[in-house]
Each structure stands twice: as structure tokens, then as C-alpha cells.
Amino acid sequence: VETVDFFTPVVDDPYWFGRIAAANAFSDVWAMGGRPLFALNVVGWPVGKLPMEMLGEVLRGGADAARLAGASILGGHSIDDPEPKYGLAVTGLVHPDRILRNVGARPGDALLLTKPLGSGIVTTAVKRELAPPAMIDRAVELMSTLNRAAGEVLAASGAVHALTDVTGFGLLGHGWEMASGSGVGLRLETAAIRVLEGVHDLAARDVVPGGSKANLQWVRPGLSVVEGLAPTWPIVLADAQTNGGLLAAVEPARVAAVLAALAAAGVGEAAVVGSVLEGPARLEVR
């Protein structure tokens, strides 16, 4: 399996930018039930404007992420670019009979999410100098955490009917892809969804990425939200994530065992956040 992903900096520290961008690129392989084998660097750098030592830190962060992923970076390609960009092209391996896709969810399945939401809103707050240090540290920790443990547990469980990683389209956007592709409805329970501290307050002040707003606009025709819910929930659920968690539709009789296995593997924030309904395709938030 092959994937490629790269983007502009989401944090100021070049090392952690590299770690996060590489972790994000590897995530798609685990979301397919595979394991990464090797990767190639993809680099755009403003030569003459930013020091090459800073690029070295970006690449060091990427190399450390690759080491933690159990993969090797074999080389890559760079260009002189007005804006810094970094990511990876990743090659992975998966048995053809055990490929996991973002479709295939069945009515009655439990929806598992392995990470909290809110990194897109936090990185926007960073750009506007509105994020306190503790919030930044928590978001960096979240974005740089590999989905390796979660992906390996979910792939080995044999209980997953559909799997995707929650990234640029947000939970609602990637959920809509799963719902429409599977011909089912998804019901999300906000009481069970973990969100980074302070994110709802930022959303109430419209500290929100443009991409998150576009995500919400895209899914609105298929979205229903129960009355009385905090008004910030829709945009938080649509928030564009960087290396967000894995969203899995799991056989209901085996969900407790899967959660226990995730916890044992160190994925302690995984939780059941909803359920799969009979079609037609739609998203329900309550």
C-alpha cells in the first residue's frame, strides 16, 4: 500500500513539525490495516530565508517518527519553495485479504475513536497567539503520537468492519465518507467524545480553521443535531485534525475486548463514541 502526505508547519518548533508531519503520513498505512516498511522525504524549503540547520531539525523529527513507526527513511526529494513544507511518501505492507477500508460499517456496530478532537482549532489559536503553553504542549503531544499501537490492535482484532483516520475532513467529514460509502447512518454521542481542554471556548470565539468551516458546510445536508446541544459542537466535530485518531466500526459483541486490548497497548483515550444505524446514509449528533 502507498500513501503520501505533506503540509506547512502547524507548530513553531521545527523538530516537532517534522515529528507531527511524519506521524501524520504514516497514519494512513495503519488505517488500512498495514504496517509501514519505508518512506521518502518530501521537502519544500525557502533556501536563503530560513537556515538549513532548521531544516535539519525538521528531518530529525521525521527520522525519529519513522524509527518509532518501525520504518526506514531511504531518501527523498526537496525543492526551493517560498513556504516550508514537509511530509513523507510511505510504502507499507498488508495481506490482501485483510485490508481495512473506510467503508463496510454494519448496522449495530460500535464506533470507536482513539484520540480526542480539537488539534485544528488549537493550531489556529497558535497562529493567532491565543493558545497558552499548556494547550500547545497537549496538542503537540496528541499530534505527534503515532497511530501505530491503535492500528496494530484494531488490525489484529478481526472485529473491525470499517476503519479510517480522522484528519483533514474532521470527524464529521470522515464519518460521512464511512456512512455514505457503507450505506448506513452514524450516530455520534457528544457525551462520550473527548475534546482538548479549551477548544470549545476557542470555537465560541470563532478561532476556527477555514477548512473546519468548509467541512461543516460539506456535511450539513446529511447532518442532524439534537436540540439543546452546545452550539460549538458541530464545528468542533468538523474540526480539521492533524494526525487525529482512528475511527473504527467494530462488531458490538467484541468491542469490550478491543477496548481492553487498546488500553493494554497504551491507547488509553480510546472510547465508544457512537453507533452505526440502518441506512439511509446520514449523520446524527446528540
Side-chain angles (χ1 to χ4, degrees), residues 2-31 36 38-69 71-92 115 118-133 135-148 165-170 196 199 202 207-215 239-244:
E2 300 280 347
T3 183
V4 61
D5 209 319
F6 65 98
F7 46 71
T8 55
V10 292
V11 293
D12 292 332
D13 187 295
Y15 171 83
W16 286 106
F17 167 47
R19 278 278 296 265
I20 291 165
N24 184 74
F26 281 119
S27 186
D28 276 334
V29 174
W30 292 309
F38 55 84
L40 300 173
N41 285 319
V42 179
V43 177
W45 198 255
V47 178
K49 294 182 180 179
L50 291 178
M52 296 304 288
E53 292 80 8
M54 187 177 288
L55 174 57
E57 283 297 287
V58 174
L59 297 179
R60 185 171 71 88
D64 282 352
R67 177 179 52 81
L68 293 169
S72 300
I73 295 181
L74 304 184
H77 185 70
S78 61
I79 62 168
D80 190 353
D81 193 321
E83 190 172 22
K85 301 175 181 71
Y86 177 65
L88 297 175
V90 183
T91 298
K115 285 185 181 181
S119 63
I121 288 171
V122 172
T123 56
T124 297
V126 170
K127 293 172 184 175
R128 299 183 189 179
E129 301 184 344
L130 296 172
M135 177 183 283
I136 297 172
D137 290 347
R138 178 71 174 107
V140 168
E141 176 192 24
L142 188 73
M143 292 187 291
S144 62
T145 297
L146 298 180
N147 281 319
R148 177 178 182 173
D165 57 339
V166 178
T167 51
F169 291 136
L196 293 177
V199 161
L202 290 169
V207 183
V208 174
S212 302
K213 295 179 180 180
N215 291 339
D239 187 38
Q241 303 298 282
T242 299
N243 194 36

Student: Testing the 3.5 Å rule here: is there a donor-acceptor pair between the side chains of Glu2 and Thr91?
Tutor: yes

Student: Where is the tightest heavy-atom contact between Ala139 and Val122, given as atom of each residue plus distance?
Tutor: CB-CG1, 3.6 Å

Student: Search all heavy atoms of Trp30 against all heavy atoms of Pro36 and return the closest pair with its distance.
Tutor: NE1-CD, 3.4 Å

Student: Between Gln241 (side chain) and Asp239 (backbone), is there a donor-acceptor pair under 3.5 Å?
Tutor: yes

Student: Quick check for you: to the nearest 0.5 Å, what is the distance between Ile136 atom CD1 and Trp16 atom CH2?
Tutor: 14.0 Å

Student: Testing the basics here: between Val90 and Ala39, what is the closest heavy-atom pair and its distance to 0.1 Å?
Tutor: CG2-CB, 4.1 Å

Student: Can you list the steps and then say if Thr123 with Met143 is a side-chain contact (heavy atoms from CB on, under 4.5 Å)?
Tutor: CA-CA 10 Å; Thr123 56; Met143 292 187 291; 3.8 Å; yes

Student: Could you walk me through whether Leu202 and Met135 pass side-chain contact (heavy atoms from CB on, under 4.5 Å), step by step?
Tutor: CA-CA 11 Å; Leu202 290 169; Met135 177 183 283; 3.7 Å; yes

Student: Please say whether more than 12 non-hydrogen atoms of neighbouring residues, nucleotides or ligands are located less than 6.0 Å from CG in Asp80.
Tutor: yes

Student: Just verifying a value: how many Å separate Leu55 CG and Glu57 CD, rounded to the nearest 0.5 Å?
Tutor: 10.0 Å

Student: For Phe17 and Phe7, which heavy atoms make the closest approach, and how far apart are they?
Tutor: CZ-O, 3.3 Å

Student: Could I get the full list of side-chain contact (heavy atoms from CB on, under 4.5 Å) partners for Arg128, not counting sequence neighbours?
Tutor: Thr124, Leu130, Val207

Student: Taking the side chain from Lys115 and the backbone from Leu142, do they hold a donor-acceptor pair closer than 3.5 Å?
Tutor: yes

Student: Answer yes or no: is there a side-chain heavy-atom contact under 4.5 Å between Ile121 and Pro209?
Tutor: yes

Student: Can you give me every donor-acceptor pair (side chain of residues 19-28, partner residue at least two apart or in another chain, under 3.5 Å) with its distance?
Tutor:
residue, atom, partner, partner atom, Å
Arg19, NH1, Tyr15, OH, 2.9
Asn24, OD1, Asn243, N, 2.8
Asn24, ND2, Asp5, OD2, 3.2
Ser27, OG, Asn147, ND2, 2.8
Ser27, OG, Asp165, OD2, 3.2
Asp28, OD2, Thr3, OG1, 3.1

Student: Taking distance alone, no hydrogens or angles, what donor-acceptor pairs closer than 3.5 Å link side-chain atoms of residues 41-49 to residues at least two apart or in another chain?
Tutor:
residue, atom, partner, partner atom, Å
Asn41, OD1, Tyr86, OH, 2.7
Trp45, NE1, Leu50, O, 3.4

Student: If I compare all heavy atoms of Ala240 with all of Ser119, which pair ends up nearest, and what's the gap?
Tutor: O-OG, 4.5 Å

Student: Looking only at heavy atoms, what is the nearest atom pair of Val140 and Ser144, with distance?
Tutor: O-OG, 2.7 Å

